[in-house]
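Working notes, beginning with the structure itself.
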Amino acid sequence: MNSQKDPGSTSTPTKSLASFASNVTYAKLAEHEKHETLRHLLDTLGACAAGIDQPIVQAVSELCRKNGVAQGDVPVVGSALSADILTACYLMAAAGHALEMDDGNREGSIHPGTVVIPAALAMAHRQNVDADTLLSAVIAGYEVAVSIAECLHPHASKRGFQTTPVAGTLGAAAAAGRVLGLDPNDMESALGIAASSSSGIFAYLSGGGNIKKLHPAHAAREGVFAALLAQQGIVQGPRNVAETRAGVLQAFGGLEQWAGKPESRQELAVVRSYLKPYPCCRHIHPAIDALLRLRIDHGLQPSEVASVSVGTYEAAMPHASLPWDTLNIAQLSFPYVMAIAMLKGTVDLPAFSPENRNDESVARLAAKVSVHVDPECNALYPANGPARVTVTLNDGRSHELFVPEPIGSPDLPLSDQALVEKFCLATTQVLSRDDAYALATSSLAGNTLPDARALMRILAA
């Protein structure tokens, strides 16, 4: 097996991931792997630029400024801010997750891009590295974060832990460590140091929902700091931190052994990850796809709808009856999002405006939405992300559609054209449409980018 793709060729899973992260080289990858890495990088840059003005990100930025911890020369994508490396990656990671536009990996139930890419960018700017080194770091970070998350899911979530800040911290350390050129030994130490900062709980689903937006930020900052500590060499991270006694798998998932990527799944983690067409929780996407198709195929009108029944998998059920009084929770709410899809025929950022959240016609439709565990959907998850939607009309007729995979998944990818359009819309505050289009299309056409500092200058307000 190609050593570029095999984190299972050395003695332990952690050592193997550390070796992969230290040695992976973008230039040596297959063309489709390069292309997918660029797609995820562009998508995350867009998410950061779009989210930087969100109140929670601005509030954190102001808090850092007032306390004198944001002084430095690392640009914050989408803004006129520059900060120290830890604050810069923190703000970019928070912005990347602020509008639920960021990518993810279903098998690990993780959002890797919003953690890994800010860490890679901030360190790449500090080190003034070329595009190949930046992209190699992105691949390294995704592989570590997703591989560990795939083991943890769904075990960690059932214990109340979110895999993005748990596994993402190690992914950020891997990305930053790859930019620093850490050897496998020091990389393993960086992963070990990062693991002691892993955290993040699902309590936000019961209230205080906007702390979720800072989970990737905590992970990115701690991962970068872990890599710097490992480079310095005084602090030593524990070896085999994923699988050892009281390591990541046991502490967060209650697991006694490694259960990583099966041999049948050969693709890199970044290739196995999805891109979002809708700015809301990914668990809702297959149901959106089904409802929008039913709406078009049968010419459904909102006034005709008596009920909308959504069959999903158990992991999605915490979102089954959430309210929509805030933007943060509305983006996670099945009833609200399904009502918007039925009423508007699309789910986009304007759909979550205060006007829409307070619209009585949306509330009336949301009251007609019910969500339950569908046995077929539950059996297929997480290998697939299915949904079954049944729309019953006032006259008693009903229409049903089963969607095995949502748009944007590796098996049903978002097109380059759709990705470029998303990037152009996301970066309107910092780039003209022509400039955004040129950057995205030229990057995807040549599978390359400007160097790290040039790229961040382009995306600074």
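Nothing fancy with the numbering, it's 1 onward along the sequence. Worth knowing before you read on, the calculation uses all heavy atoms, side chains too, and leaves out hydrogens, waters and symmetry mates.
Shown here are the ring-ring contact (aromatic ring centres under 6.0 Å, His included) partners of Tyr381, two or more places apart in sequence or in another chain: His153, Tyr313. Tyr274 pairs by the ring-ring contact (aromatic ring centres under 6.0 Å, His included) definition with nothing, not counting sequence neighbours. Contacts of Ala290 classified as side chain to side chain contact (heavy atoms under 4.5 Å, CB included), with partners at least two apart in sequence or in another chain: Val389, Leu401, Val403. Remark: Glu405 pairs with Arg106 by the salt bridge (charged side-chain N to carboxylate O under 4.0 Å, His left out) rule, at least two apart or across chains. With sequence neighbours left out, Ala440 forms a side chain to side chain contact (heavy atoms under 4.5 Å, CB included) with Leu42, Val420, Phe423. Annotation: ring-ring contact (aromatic ring centres under 6.0 Å, His included) contacts of Tyr278 (sequence neighbours excluded): His285. For His215, the ring-ring contact (aromatic ring centres under 6.0 Å, His included) partners are Tyr204, not counting sequence neighbours. Residues satisfying the salt bridge (charged side-chain N to carboxylate O under 4.0 Å, His left out) test with Arg388, not counting sequence neighbours, are Asp374, Glu376, Glu400. Shown here are the side chain to side chain contact (heavy atoms under 4.5 Å, CB included) partners of Phe225, two or more places apart in sequence or in another chain: Leu86, Leu229. For Ala351, the side chain to side chain contact (heavy atoms under 4.5 Å, CB included) partners at least two apart in sequence or on another chain are Ile340, Asp348.
The environment of Phe202 atom CZ is dense: over 12 non-hydrogen atoms of other residues, nucleotides or ligands sit within 6.0 angstrom. Atom CD1 of Ile458 has more than 12 neighbouring heavy atoms from other residues, nucleotides or ligands inside a 6.0 Å radius.
Side chain of Thr14 to main chain of Ala242: a donor-acceptor pair is present (N/O by atom type, distance under 3.5 Å, no hydrogens or angles). Counting only distance, with no hydrogens or angles, the side chain of Gln127 and the backbone of Leu180 share no donor-acceptor pair below 3.5 Å. Checking side-chain atoms of Thr169 against main-chain N and O of Ala195 turns up no donor-acceptor pair under 3.5 Å. Although no hydrogens or angles enter the test, the distance criterion places a donor-acceptor pair under 3.5 Å between the side chain of Thr163 and the main chain of Gly108. Remark: side-chain polar atoms of Ser442 are paired, donor with acceptor, to backbone N or O of Leu439 under 3.5 angstrom. With hydrogens and angles ignored, the 3.5 Å screen pairs no side-chain donor or acceptor of Thr427 with any backbone N or O of Val430. Distance alone, capped at 3.5 Å, places no donor-acceptor pair between the Thr244 side chain and the Gly247 backbone. No donor-acceptor pair under 3.5 Å is formed between the side chain of Thr114 and the backbone N or O of His111. Remark: the backbone N or O of Asp84 is not paired with any side-chain donor or acceptor of Thr87 at under 3.5 angstrom.
Annotation: side chain of His283 is not in contact with side chain of Met317 (no heavy-atom distance under 4.5 Å). With contacts defined as side-chain heavy-atom distances shorter than 4.5 Å, the pair Tyr26/Leu38 qualifies. At least one side-chain heavy atom of Cys280 sits under 4.5 Å from a side-chain heavy atom of Ile288. Taking 4.5 Å as the limit, some side-chain heavy atom of His218 sits within range of a side-chain heavy atom of Tyr90. Two residues are said to be in side-chain contact when any heavy atoms from C-beta on lie closer than 4.5 Å; Arg39 and Leu275 meet this criterion. Side-chain contact between Thr44 and Asp102 is absent, with no heavy atoms from C-beta onward closer than 4.5 Å. The side-chain heavy atoms of Pro413 and Glu36, taken from C-beta on, include no pair separated by under 4.5 Å. The shortest side-chain heavy-atom distance between Pro350 and Ser353 does not fall under the 4.5 Å cut-off.
Under the 3.5 Å distance criterion, with hydrogens and angles disregarded, no donor-acceptor pair is assigned to the side chains of Ser273 and Asp103. Defined by atom type and a distance below 3.5 Å, a donor-acceptor pair is missing between the side-chain atoms of Glu243 and Gln257.
The distance from atom CD of Gln54 to atom CG of Asn210, rounded to the nearest 0.5 Å, is 11.0 Å. Atom CG of residue Leu91 and atom CD of residue Gln58 lie 8.5 Å apart, to the nearest 0.5 angstrom. With rounding to the nearest 0.5 angstrom, the CG atom of Leu17 is 9.0 Å from the CG atom of Leu170. With rounding to the nearest 0.5 Å, the separation of CD1 in Ile117 from OH in Tyr142 is 3.5 Å. A distance of 9.5 Å separates CD1 of Ile284 from OG1 of Thr312, quoted to the nearest 0.5 Å. Atom CG of residue Leu228 and atom CD1 of residue Ile85 lie 5.5 Å apart, to the nearest 0.5 angstrom.
Sorted by first and then second residue, the salt bridge (Lys or Arg N to Asp or Glu O under 4.0 Å) pairs involving residues 273-294 (not counting sequence neighbours) are Glu100-Lys276. Applying the side-chain hydrogen bond (donor to acceptor under 3.5 Å, both in side chains) definition to pairs two or more places apart or across chains, those involving residues 170-186 are Asn185-Arg239.
Note on ring orientation: taking the six-membered ring where Trp is involved, the planes of Phe161 and Phe252 are perpendicular (angle over 60°, cut-offs 30° and 60°).
A salt bridge (charged side-chain N to carboxylate O under 4.0 Å, His left out) with Arg272 holds for exactly one of Glu107, Glu267, Glu150; it is Glu150.
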